[in-house]
> 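Please read through the structure below; I'll follow up with questions.
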Amino acid sequence: MNTFSRRDALKSASVGFGYLAFAGLSTWAAEKDNPLAPKQTHFPAKAKHVIYLCMEGAPSHVDTFDYKPKLTEDNGKSMRGARGFGGRLLASPWKFSQHGRGGLWISELFPELAKQADELCLLRGMHTDVPAHSQAFLQMHTGLFQFKRPSMGAWALYGLGTENENLPGFATISSPFQNGGPANYGSAFLPAVYQGTPIRTAFGGPAGPGRPGAGSAGVSNIRNPNQSSDDQRL
Amino acid sequence: MYEIDIEKGRKFWAFQPPKKKAPPAVKDTAWPNGDIDRFLLAELEARSLKPVADARPRTLIRRTYVDLIGLPPAPEEFESFVKDYAARPQAALAEVVDRLLATPQFGERWGRHWLDVARYAESSGRSINFAYPYAWRYRNYVIAAFNADKPYDQFIREQLAGDLLPAKNDRERSEFLIATGFLAIGPKAHDERNRQQFSLDVADEQIDVTFQAFQGLTVACARCHDHKFDPIPQKDYYAVAGVFRSTETCYGTIRVFLNNHPSATLSLPNDAGVTMYLEPLTTERRAEVEKQIQYTRNQMTQITGQNAFLRRIFMQSRVSTLQSQVAQYEADGTSRPLAVGVREGRFASDSPLYVRGERSQPGETIKRGFPRVLTTEQPAIVRGSGRRELADWIASKDNPLTARVMANRVWLHLMGRGLVPTPDNFGANGQTVSHAALLDHLALSLADNGWSVKKLIRSIVLSRAYQLSSYFDESNFEADPDNVLVWRMAKRRLGAEVLRDTMLAVAGRLDLTPPKGSLVARGGEGNVGFRGRGSPAGDPVATDTHRTVYLSIVRDGLPELLTLFDFPDPTLIIGERATTAVPAQSLYMMNNPFVIRQAAALADKLLAGDGDDTDKLTRAYQLCYSRPPSEEELQGARNFLENYGQKQNGRSTWAALCQALFASAEFSHR
């Protein structure tokens, strides 16, 4: 095979400088101080990955995993000191009971999951400075809503690095446009290499029938509109 | 308890006034073009280092064009320069510099540097993203200011206190008001429920941008506690906070769902020659909108049942949006000239110190004033907020930081590394100055030359140091790998704007006329987060052919091209952009339709031209790299045309070749 392909042209154009980032990447690989190189943890770690599902719009914590007997007791009372609100407290209509050897409180909505109670670890200490979705969402991902700060994923990648040289160390699927949007997976003042790589349709939201960009989900610019997949591999 | 010692703090070099020093003597007296070079060479000689050779003329002219106007020279321009340079190098360069400084493209390039620092954007960002439809006027003001070579001290005064300056006429009044947009375009959390918290946050953001932009100091750190590194006590923060809390910030926005803090906008004088961008409102259209408002209002009164409360909120939002559409026009249907900016608040008063920055814990009241470490004289604020006094003090020759910080910014953009490498932080936590005497020399000449930024740029570009090649030199590299001593010119990647503008320019598709307004302005008031889900046809990067500086800047909603190529986050104050190399950049250059389209346009341009393949290839290399191709490159390209052309038609073949030229490192660096 002695054809001069498009890829050859890209490689050899301009005195074989190669393309920009591939050149950059190979330099990286050669460099000892690759910013994404895996780093030693302070303590031996059992976890291999961090998978974080942010399920916005799920049922309320007080109906599922956050047992609040005081709330049941105060059902119907007005909310004292709730700034600007004035609503009344509403107890969960679901019954809670303890499960497993650890006695984890789980509501009757999850009878099957409750059987696995000893496999779960629940953090019930989450708190928001402002009772509003948008700020709380951003605060949960970055620690603060007032100022721009690196996201949890960016910190994890910064602190741990990644063992995979070919794929992004921090990817985010169907990332939000609202509630701070990219700030939720951004790197803020950390170098941009630590920001999350969004994987989604070109126009946001998960791919699906009837949605714009359906079927073209994934990393942007991975396909060339003028080339078949086979040609692109050449 | 540890107390900050202001007196001791004043001894830090950056808080001492710049000192005039005679340039040092150098051994190689033939090398320097002027004082800048003497300062640099003396340091090099002290370490027995020598600067590398001068850049080749075609490298030099491309560098000068890119640095001054953000566009490459046309082939005819660089060829005539190369000839001229051979005969009289310095005079030839000086002529080019003067010509470029006088083009409108200069302000578009250098104004953008300032917009990075001014965290310019057309939306609020933060948790809920509301449009600031009039913010673009500030962008145009900045571009015009650099083009007019507005004295830098005046530029400061107008941005901080333009509303309080005496204006000659309505046109100037408009300009001054628009300038204060600097204080209004910052990120804001519009869904904050507490009014006082919101106003404290707005003032905080204004303090942050004012001091980082003009003073290279992170004063905002002292909101909650004494500054940990710089001699700025919490008291000094609240002395400045009083000034901004006595100011009313007019950023606009309307009362819709999740916006708890709509504000006024500034009305500019009519007939002041400000750019209008909306078609007049017809009587029919007005009647139609008013009918819709009435209809929605009627419906609101009739809502009952479940979720009535929520539905009413959304209907109120609709009414506000419709009203805002009409509010952009005068009674006769012509559009109203509106802007964002600031004006004096209804009350001027000192601010209490808030313990730990908590609004629930007000402490002693702090008299309005300036950070004590920077001045021994506090202002007498007799009337108003004190903003005018603050602006005058920052814009003064006696301020130890103002001229230094700006001179350093200019140096950074031309030389690739600041004399203080942390341009927004001259404090204890910033990096140390490499050439203190040179920085003072530049600062003093900026102030003494009528604060002319153009003159400062001119003097740096005409230095011998600027004209160095970026060649590697082993012994220099060993001694100074970071090129701190400037033994060569730093090679740098083009920023996102230059990259896009250059592709459009060589493809012959760049429209140099500034557009009127901006996309956000045309979109009107509302939540831009909801608008993010556009269609590909609506992607402005793909279809717009104006210079990139005019693309709409929506916080957390930047076009892909900009984020990929290190455009700064417009929520942060960024004096120096990062340069990252990630695979997504090459994917963009290889597969993005915008790049493909420009490559095809360049191919069409070449094919429409005269000459054989060699002529066309030469033309392509000249356009893209400001040089002819080498023999080897010509041969490689001819091979490609032949082989690739067996499968594809001529146009596709040439387009692929042009795209390869775009995707190279030589294209994207200077």
Side-chain angles (χ1 to χ4, degrees), chain A residues 2-6 8-15 17-25 27-28 83-84 130-138 145-148 177-183 186 188-189 191-193 197 202-205 212-213 219-227 231-232, chain B residues 125-129 187 189 191-194 201 258 493 529-530 532-536 556-558 560 563 566 569 571-572 578 580-593 596 625 630 632-633 636-637 639-640 642-644 646 652 656-657 659-661 663-668:
Chain A
N2 192 23
T3 53
F4 194 81
S5 71
R6 173 174 164 276
D8 291 331
L10 284 163
K11 277 182 189 160
S12 63
S14 173
V15 227
F17 264 106
Y19 10 67
L20 166 84
F22 286 170
L25 278 179
T27 328
W28 262 8
R83 294 167 297 182
V130 177
H133 288 83
S134 47
Q135 283 109 330
F137 192 85
L138 197 52
F145 67 85
Q146 289 98 334
F147 309 113
K148 201 143 198 173
F177 276 105
Q178 283 290 313
N179 299 333
F189 51 72
V193 285
T197 301
F203 316 107
V219 178
S220 63
N221 297 315
I222 200 91
R223 282 190 193 153
N224 188 305
N226 295 349
Q227 307 272 331
D231 280 345
Q232 262 196 275
Chain B
R126 297 268 160 91
S127 34
I128 301 289
N129 211 352
D191 53 346
E192 170 61 54
R193 292 222 175 95
N194 186 286
D201 288 347
L258 294 173
R493 195 176 70 206
F530 291 135
R533 303 159 197 237
S535 68
D556 295 324
L558 292 174
E560 185 183 22
T563 40
D566 298 315
D569 185 329
T571 294
L572 305 170
T580 57
V582 292
Q585 292 163 347
S586 7
L587 289 176
Y588 189 92
M589 296 306 287
M590 282 161 64
N591 297 330
N592 189 278
I596 292 170
Y625 304 149
S630 71
E632 196 189 349
E633 286 168 329
N639 285 348
F640 171 77
E642 193 178 315
N643 289 318
Y644 194 86
Q646 285 169 3
S652 305
L657 183 102
Q659 202 189 342
L661 294 179
S664 75
E666 187 170 357
F667 187 82
S668 59

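Reminder, nothing fancy here: chain letters follow the sequence lines and each chain counts from 1. No hydrogens, no waters, no symmetry mates; every other heavy atom, side chains included, goes into these values. Fair warning: this is a prediction, and the values are worked out from it, not measured in the lab.
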> Heavy-atom pairs under 4.5 Å with chain B: which of A:P191, A:P225, A:G186 has the most?
A:P225
> What's the shortest heavy-atom distance between A:L138 and A:A183, and which atoms?
CD1-CB, 3.8 Å
> Passes side-chain contact (heavy atoms from CB on, under 4.5 Å), A:I222 versus B:L587? Steps please.
CA-CA 6 Å; A:I222 200 91; B:L587 289 176; 3.9 Å; yes
> Quick one: pull up CG in B:L258 and CD in B:E192 and give me the separation to the nearest 0.5 Å.
12.5 Å
> So which atom in B:L657 and which in B:F640 form the shortest heavy-atom distance, rounded to 0.1 Å?
CD1-CD2, 3.5 Å
> What part of B:N592 gets within 4.5 angstrom of chain A, counting heavy atoms only: side chain, backbone, both, or neither?
both
> So what's closer than 4.5 Å to chain A heavy atoms on B:D569: side chain, backbone, both or neither?
side chain
> Using heavy-atom distances under 4.5 Å, tell me whether B:E642 contacts chain A through its side chain, its backbone, both, or neither.
neither
